[in-house]
Amino acid sequence: MRFASIGSGSRGNGTVVQAGDSLLLVDCGFALKETEARLAKLGVAPQQLRAILVTHEHGDHCSGVRVLANRYRLPVYMTAGTARAKPLAAVECPIIIDSHAPFVIDDVCIQPVAVPHDAAEPVQFVFDWSGRRLGVLTDLGAITPFVKSHYCACDALLLESNHCVDMLARGDYPSSLKLRVGGRFGHLSNAQAADLLEEVDAARLQHLVIAHLSEKNNTLERVQQSLADVLQKMRNVLFACQEEGFGWLTIS
Ligand SMILES: [Zn+2]
Ligand SMILES: [Zn+2]
């Protein structure tokens, strides 16, 4: 099993998961040409994708989904709430998932995990394949006990560490946006990401990817400071970036 990213952040997201012969794309927040070029960098042709999974309807996760899916006749797995959003309404092959029920694509078992985020019916995903477990967790404002229970025993984890609370407070966002981003239905702060990492089985994690970093309200240094205690226990830590995402990481 391996995973990679075509970009991570508020200007577009996309995570590619390969388990055996199955290639899945989680979210697509880029225009078609851009997506094709970014996938090509990973050696992936869109025709090879088995499906697209959508976490929620925010533009940085879904703006490219409809065109890509319809162009290459890909099924799109999403919750009923997500599917109702305008940008996804014209998807030709939607497959509605229950936000709490695991589903299977080929031989990959996928557990949707409902998260507190300001979207209609947002979920994140945990992938199980052949004894390996990958967690993808971004776009949530709080770590609920429910979320924690699903992500504590992963072999690899892609985790949001969106903002530094001080930078957000002192930055130039209007106060309504500050409240949204920092609120219970917004995004994870560095401190919240650190809290979750304290709870996970660090010895089991082969890869930790810190993702969805805010370009305005965070810096690499701030993340490293906040996560210093936990990062020193982790073997392989990577920071996903908006422009490049990150290359393939193999879970053995
Ligand atoms: Zn997002
Ligand atoms: Zn979002």
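Numbering starts at 1 and runs along the sequence shown. Order of listing sets the numbers, starting from 1, for every ligand and every atom in it.
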Note, Asp98 side chain near Phe103 side chain (heavy atom, < 4.5 Å): no
Chi angles and distances behind the side-chain hydrogen bond (donor to acceptor under 3.5 Å, both in side chains) call for His58, Asp139: CA-CA 10 Å; His58 288 162; Asp139 295 73; 4.6 Å; no
Check ion pair Glu121-Arg84 (N to O, under 4.0 angstrom): no
Residues Lys233 and Glu198 bridged, charged N to O under 4.0 Å: yes
Atom of His212 nearest the Zn ion (ligand 1) (restricted to N/O/S, atom name only): NE2
Distance below 2.8 Å from the Zn ion (ligand 2): protein N/O/S atoms: His56 NE2, His58 ND1, His117 NE2, Asp139 OD2
Worked verdict on Asn190 versus Ser161 for side-chain hydrogen bond (donor to acceptor under 3.5 Å, both in side chains): CA-CA 5 Å; Asn190 298 339; Ser161 192; 2.8 Å; yes
By ring pair (Phe, Tyr, Trp, His ring centres under 6.0 Å) - contacts of Phe3 (at least two apart): Phe246
